[in-house]
Amino acid sequence: MNILIKQAYIVDPTSPFNGQITDIFIENGIIKEINKNLHVRADKEIGLDGLHISPGWMDVFANFADPGYEFKETLETGAQAAATGGFTDVVVIPNTNPVIHNKANIEYIIHKSRSLIANVHPMGAITKNAEGKELAEMYDMQMSGAVAFGDGINSVQSSGLLFKALQYVKAFDGIIMQLPDDKTINPQGVMNEGIVSTQLGLPGKPAIAEELIIARDIELARYAESKIHFTGVSTKKSLEYIQRGKQNASVSCSVTPYHLFFCDEDLKDYDTNLKVNPPLRTKEDRDALRASVLDGTVDCIATHHSPHEYDSKIIEFESAKYGMIGLETAYAVLNTCFEGIAQQKLIELLSHNPRKIFQKEIAGIRENEKACLTLFHPKQKWTVKETDIRSKSRNSPFVGKELTGKVIGIVNKEQLFFNH
């Protein structure tokens, strides 16, 4: 397929055309020419006022629920949701059935997603069945295509086991990912412990449950001289630990769009779509997260896309499952949280930094480079409707909210996905 993109503003600090408004001609998945006022025959021509283009975005933590929970999501519907949200690449967590904890499971994901519009990268479980008891065959999984290792929504509780894993992945320069949560501290907590949880009469989960794991794991990574990535970071103190840890350990972190947008005060209507783990914290924590995105402490964005069917969410708050979908709205939520932010900063968070951390090639906007691109409009306002959601599940608290910044589509694997 030949595609001509007209008058697009290029956002790519690695490109000689960065900051220019120009035309881009793509032939059979390769950027053939970048120039002003191109006149070439194309199968598809895209021209919109205010169109921006960047290297394809990468999400580092999403649940596609396949295999085993296809009633929530499949690799196909997950890839459609990713493309709708502007993501050409997604790292999927291993909390499936069976758990992605061996070479065969990794190969299933890679083989089944080969023809999909988005590149799906499996994360291998650190431990067998993601139970935190015995190390999985990480070397075999890495050889088969695992891009990182983590027990997904299950935080590894044993210091000794995590230390062994950190030592193990050093052999092939791998990276461990942790969602920080000490499960022994008030495990029945369903939201942030504080004034709001008391007012609502809901059991609280204290911030220290997250902060202890982060402090411990930074020390373990430093001692093992290995790499660790924290995802879903949600408290001010956690960020302080990470900022200090970066000085003498190989530490990186990601935050979710919803932790940047909401705080625990938004739970006053008991909206189960806002029941997430780590929980929404205080307004002060949320403001600290936003400041840390701007000052560079936060390396990248993770959507924590977590699809759930109707019966898992339309239920009493205490019984509802954790998580919300987030791929389709991630960019718009970020762009709305940081009104007037330089788009280059958002592209670093969404494209360049995650690729550096997880050692994936950055396909820049240059002639004779493979076309892996995201098209978006930073100033377009839109109200999220259920019909905008391509995920199999609908558990989003953003439905009905007006956001600023719309994804137009992606170009990837010689295919065009167009939202218009």
Side-chain angles (χ1 to χ4, degrees), residues 58 60-61 91 93 123 126-127 132 138 147-185 192 205-256 259-260 277-279 281-282 284-302 304 345 348-349 352-359:
M58 180 174 181
V60 302
F61 194 98
V91 177
I93 60 174
M123 180 194 300
I126 294 173
T127 65
M138 290 187 280
V147 295
F149 297 92
D151 279 355
I153 56 174
N154 299 328
S155 184
V156 176
Q157 302 294 293
S158 162
S159 305
L161 204 59
L162 190 76
F163 179 58
K164 274 188 192 149
L166 285 160
Q167 287 181 309
Y168 192 98
V169 299
K170 264 176 75 175
F172 47 81
D173 196 28
I175 188 165
I176 295 288
M177 189 188 281
Q178 271 273 63
L179 187 148
D181 178 20
D182 187 322
K183 292 187 175 177
T184 63
I185 296 179
N192 181 56
K205 183 108 180 157
I208 197 169
E210 173 183 321
E211 293 155 4
L212 276 176
I213 293 287
I214 286 182
R216 178 199 77 172
D217 291 359
I218 288 170
E219 285 305 302
L220 291 173
R222 184 185 60 75
Y223 188 63
E225 296 179 343
S226 191
K227 293 191 289 194
I228 193 155
H229 180 88
F230 298 106
T231 188
V233 176
S234 67
T235 81
K236 185 179 178 183
K237 180 68 82 179
S238 293
L239 292 162
E240 288 168 9
Y241 287 150
I242 288 165
Q243 200 169 27
R244 283 205 303 273
K246 284 185 172 195
Q247 293 165 18
N248 57 14
S250 189
V251 178
S252 56
C253 74
S254 47
V255 297
T256 73
H259 280 114
L260 294 166
N277 188 47
R281 304 291 185 185
T282 64
E284 184 190 4
D285 286 316
R286 185 191 66 187
D287 292 346
L289 288 183
R290 290 182 178 182
S292 294
V293 165
L294 296 174
D295 72 19
T297 302
V298 171
D299 298 280
C300 61
I301 299 300
H304 285 223
K345 178 66 182 172
E348 280 173 17
L349 292 161
H352 289 92
N353 291 354
R355 289 175 193 278
K356 280 180 201 160
I357 293 165
F358 296 95
Q359 299 178 16

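Numbers here simply count residues along the sequence, with the first being 1. Being a predicted model, the structure only gives us computed values, none of them experimental.
Side chains of Thr127 and Asp151: a donor-acceptor N/O pair is present below 3.5 angstrom, by distance only. A donor-acceptor contact closer than 3.5 angstrom is absent between the side chains of Asn277 and Lys205. Side-chain contact annotation: Asp181 with Gln157, donor-acceptor N/O pair under 3.5 Å absent.
A donor-acceptor contact shorter than 3.5 Å links the side chain of Ser155 to the backbone of Leu179. Between the Gln178 side chain and the Val156 main chain, a donor and an acceptor come within less than 3.5 Å of each other. Under the 3.5 Å distance criterion, the side-chain polar atoms of His259 are matched with a main-chain donor or acceptor of Pro278. Judged purely by atom type and a 3.5 angstrom limit, Ser292 uses its side chain to pair as donor or acceptor with the backbone of Ala288. Here the side chain of Asn192 pairs no donor or acceptor atom with the backbone of Pro279 at under 3.5 angstrom.
Using a 4.5 Å heavy-atom cutoff, the side chains of Ile218 and Phe230 are in contact. Residues Ser226 and Gln167 have side chains not in contact (no heavy-atom distance under 4.5 Å, counting atoms from C-beta outward). By the 4.5 Å heavy-atom criterion applied to side chains, Met123 and Val60 are not counted as neighbours. Inter-residue side-chain proximity for Asp285 and Ser234 is flagged as unmet; no heavy-atom pair is nearer than 4.5 Å. Contact of the Leu161 side chain with the Ile126 side chain is not registered, since no non-hydrogen atoms from C-beta on lie closer than 4.5 Å. Put simply, the side chain of Glu348 does not reach to within 4.5 Å of the side chain of Cys300, judged on heavy atoms. Side-chain atoms of Val255 and Leu260, non-hydrogen and from C-beta on, do get closer than 4.5 Å to each other. Contact of the Phe149 side chain with the Val169 side chain is registered, since non-hydrogen atoms from C-beta on lie closer than 4.5 Å.
Put simply, CD1 on Ile175 and OG on Ser250 are 6.5 Å apart, with the number rounded to the nearest 0.5 Å. Interatomic distance, OG1 of Thr297 versus CD of Gln243, reported as 3.5 Å (0.5 Å rounding). Atom CG of residue Leu239 and atom SG of residue Cys253 lie 6.5 Å apart, to the nearest 0.5 angstrom. Between atom CD1 of residue Ile214 and atom OH of residue Tyr241 there is a gap of 9.5 Å, rounded to the nearest 0.5 Å. For the atom pair His304 NE2 and Ile153 CD1, the distance stands at 11.0 Å (nearest 0.5 Å). The CD1 atom of Ile357 sits 7.5 Å away from atom OG of Ser254, with the distance rounded to the nearest 0.5 Å.
Taking all atoms of both residues into account, the shortest heavy-atom contact from Arg216 to Ser158 is NH1-C, 3.8 Å.
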Would Met177 and Phe358 count as a side-chain contact (heavy atoms from CB on, under 4.5 Å) here? Give the steps. CA-CA 10 Å; Met177 189 188 281; Phe358 296 95; 3.3 Å; yes
Run the side-chain contact (heavy atoms from CB on, under 4.5 Å) test on Ile176 and Leu162 for me, step by step, so that the C-alpha distance in whole Å, both residues' side-chain angles and the decisive distance to 0.1 Å come before the verdict. CA-CA 9 Å; Ile176 295 288; Leu162 190 76; 4.0 Å; yes
Can you list the steps and then say if Thr235 with Glu211 is a side-chain hydrogen bond (donor to acceptor under 3.5 Å, both in side chains)? CA-CA 8 Å; Thr235 81; Glu211 293 155 4; 2.8 Å; yes
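Remark: Arg222 does not engage Asp217 in a salt bridge, criterion side-chain N to carboxylate O under 4.0 Å. Using a 4.0 Å cut-off between charged side-chain N and carboxylate O, Glu210 and Arg281 make a salt bridge. Of the charged side-chain nitrogens involved, at least one lies within less than 4.0 Å of a carboxylate oxygen, so that Lys227 and Asp173 count as a salt-bridged pair.
Around atom CD1 of Ile208, no more than 12 heavy atoms belonging to other residues, nucleotides or ligands sit under 6.0 Å away. Within a 6.0 Å radius of NZ in Lys237, no more than 12 heavy atoms belonging to other residues, nucleotides or ligands are found. For Glu225, the CD atom sits in a loose shell: 12 or fewer heavy atoms of surrounding residues, nucleotides or ligands are nearer than 6.0 Å.
The one candidate from Lys246, Lys356, His352 that meets the side chain to side chain donor-acceptor pair (under 3.5 Å) condition with Asp299 is Lys246.
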